[in-house]
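Fair warning: this is a prediction, and the values are worked out from it, not measured in the lab.
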Amino acid sequence: MSGADAIIQCLVREGVDVVFAYPGGASLPMQQALNKEKSIRSILPRHEQGGAFAAEGYGRVTGKVGVCMSTSGPGATNMVTPIADAFMDSIPLVALTAQVGSSLIGTSAFQETDVFGMTAPLVKHSYMVTDVTSIPRIMKEAFYLARSGRPGPVVIDIPKNIQEQVFEPDFEAGMDLPGYHPDVPVPAEKLDAVIPLLMEAKRPTIYAGGGVVMSGAAAELREFAERTQIPVATTLMAIGAMPDSHPLALRMLGMHGSVAANNAVNESDLVFAIGARFDDRVTGAVNEFCKHAKIIHIDLDAVELGKNKKVDMEIRSDARLALQYLNAKLEEQGVKARPYAFENRPEWFGMIDTWKEQYPLSYEKREHEIAPASVVEELYRQLNGKDAVICTGVGQHQMFVAQFYRFEEPRRLSTSGGLGSMGYGLPAAMGVHVACPEKVVVNIDGDGSFLMNVQELATIHTEHMPIKTIIMDNQHLGMVVQWEDLKYDSTRANTFLADPSAEYDPTHKNNELLYPNFPLLCAGFGIKCERVTEPEDLPAAITRMLESEEAYVLDVMVPHDVHVLPLIPGGMTYKDVVLERIASDGKGRKASELGKEIPSAL
């Protein structure tokens, strides 16, 4: 068979059921082979970035490898951002990129780019296929690399002549990865030393990162927390790893995390970090982060141990296997799971309860204006109890979702974390729907982020995907506006998305100033869209959206001067948290300035 046919047969053998593929001259052989294989659904995105984000969304909610395909040159370069996004968030992805013929490589041929070189820093591994007989081995290795160990993206670049060559493939060919050892033995001796430290601590917390979700350790984490009676703070990537409604849940920590989560972690005497990487959005001033605590750090990736934060105990292990071992040891010692009993450390839990009660997540309510957080709350109210997945773009709306939607299970939020890629939400929702057709899929987006991949409405329409979208439409780049208020005296530098010569209408009543006209735009794609401007109209509009059997967009007009709070400014500490809206003079009001000094456990 041809190299192209062999590639597609390798996909079949790997259990691939969908490929997001945009064709072009160099990828024609692969595209034709894919078209012949009826066991794989081939979805045509309207932009390669949209296709790769869709494959990433598929991988986020399933843990399986998402697959995307492009032609050479601009087709491949359009996928670089999603590849980098998957790398930052440890999402299993295989990107197949076509390349010009082998004899043309290095000649600056039409649509030639060095895909191998440009993606090298952004992937677990890159391949350039130079021998058609190596295709079965390379494909097997690529999928193994993408899903094993710490998951991530793998790129395979295939010249057109290799796709066309005919050979006899050996699909039983073995892999050749002598330096890759993702399976790490459980470090029993080190883990044995953890238990007495945890049980003796007076103010312990668990800091759970995305590695808990990626390893499938959510159930083990909950059991461990209930056995040890230790509260759990989660990162954005770990949302749902601990049910938000659980009494031991502190919810999200970091820049826009809850006061209780940030205070508890930073005022602990012992922090048990698992599957987390101490990134800047969590730590703020890293030298001041958890400065009073002994830190135990468990991570499968040895590179992350000690990379950003010096810790007291480094343990390389898979999160799930480590927690399983610890739970078994606690069971041997007679330590049972007690979900609602907090007889241990009453002073510590008393302080945490004080933080939760005095500084809950809240938002400002204004007459005749729809608060963005209220949109998330109403959606949650109507979806509560239903099997749903929420996708987001990147911006204020993303943080409002993290704060005000309650996630009880992992892999129910698909969002761009480490790279913070605007334009992620809509195409990712396509991948989520394909992966979970029985679930309600809602993309919550900002008007700026939504426009970055708005062309995928065409894919959603033609593929009959009943995806729902809520646009938080404030006519501005809201998160950047918030920082302009904080640091630049509210000077707007290309953050107003409508006509810059027009005066902004905060009432949203002048339709001529609303740009773009989303109902008209969506109609051009054959998708129903309605605009909501009044708070009392919101619940019924969300109901109509959710009850629609087809794709549906709600254009919800929200004010542009709303800020996501709490806020710990970059490079600052949890003590610098801003609790009230940043004023037009660029000064945020901190707790100490409000006469409400946050009580301390220290």
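- Scanning all heavy atoms of the two residues, the minimum distance from Val558 to Met472 falls at CG2-C, 4.0 Å.
- Taking the side chain as every heavy atom from C-beta outward, Ser421 and Met88 never approach each other to under 4.5 Å.
- Residues Arg60 and Asp89 are paired through a salt bridge, judged by an N-O separation under 4.0 Å between the basic side chain and the carboxylate.
- In this structure, the side chains of Tyr180 and Glu141 stay at 4.5 Å or more apart for every pair of heavy atoms.
- Remark: side-chain polar atoms of Trp355 are paired, donor with acceptor, to backbone N or O of Pro599 under 3.5 angstrom.
- Glu288 and Lys575 are not joined by a salt bridge, as no carboxylate oxygen comes within less than 4.0 angstrom of a charged side-chain nitrogen.
- The pair Arg492-Asp485 meets the salt-bridge criterion, with a side-chain N (NZ, NE, NH1 or NH2) lying under 4.0 Å from an Asp/Glu carboxylate O.
- Side-chain contact between Tyr363 and Leu565: absent, with no pair of heavy atoms (C-beta onward) separated by less than 4.5 Å.
- For the pair Glu331 and Arg227, the salt-bridge criterion is met [side-chain N within less than 4.0 Å of a carboxylate O].
- Checked against side chain to side chain donor-acceptor pair (under 3.5 Å), Thr415 has the following partners two or more places apart in sequence or in another chain: Thr392, Gln398.
- In this structure, Val578 and His563 have side chains that are not in contact, with every pair of non-hydrogen atoms separated by 4.5 Å or more.
- In this structure, the side chains of Ile195 and Val335 stay at 4.5 Å or more apart for every pair of heavy atoms.
- Counted by atom type alone, Thr205 and Ser268 present one or more donor-acceptor pairs between their side chains at under 3.5 Å.
- Contact check for Ile352 versus Pro231: side-chain heavy atoms found under the 4.5 Å cut-off.
- In this structure, the side chain of Glu56 does not engage the main chain of Ile91 through any donor-acceptor pair within 3.5 Å.
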Open item on the list: Evaluate Asp85 against Ser416 for side chain to side chain donor-acceptor pair (under 3.5 Å), listing each step before the verdict.
Closed with: CA-CA 7 Å; Asp85 196 79; Ser416 170; 2.5 Å; yes
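- Note on ring orientation: taking the six-membered ring where Trp is involved, the planes of Phe400 and Phe404 are tilted (angle from 30° to 60°).
- When all heavy atoms are compared, the tightest approach of Phe450 to Asp445 is N-OD1, 3.5 Å.
- In this structure, the side chains of Leu93 and Cys68 come closer than 4.5 Å at one or more pairs of heavy atoms.
- Counting only distance, with no hydrogens or angles, the side chain of Arg345 and the backbone of Arg203 share no donor-acceptor pair below 3.5 Å.
- At a cut-off of 3.5 Å, with distance as the only test, a side-chain donor of Gln49 or Asn453 sits close to an acceptor on the other residue.
- Every residue two or more places apart in sequence or in another chain that forms a ring pair (Phe, Tyr, Trp, His ring centres under 6.0 Å) with Tyr405 is listed here: Tyr380, Phe407.
- By the 4.5 Å heavy-atom criterion applied to side chains, Ile390 and Leu379 are counted as neighbours.
- Listed by chain and number, the residues in a side chain to side chain donor-acceptor pair (under 3.5 Å) with Glu226 are Arg222, His246 (sequence neighbours excluded).
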Task: Audit row: Tyr574, Glu267, side chain to side chain donor-acceptor pair (under 3.5 Å) steps and yes/no - done: CA-CA 10 Å; Tyr574 76 105; Glu267 298 194 6; 3.0 Å; yes
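- Classified by interplanar angle (parallel below 30°, tilted 30° to 60°, perpendicular above 60°), the ring pair Phe272/Phe224 is tilted.
- The six-membered or imidazole ring of Phe278 lies near that of His297, with a centre-to-centre distance under 6.0 Å.
- Ser449 and Gly393 make their closest contact through OG-CA, 3.4 Å (heavy atoms, listed as atom of the first residue, atom of the second, distance).
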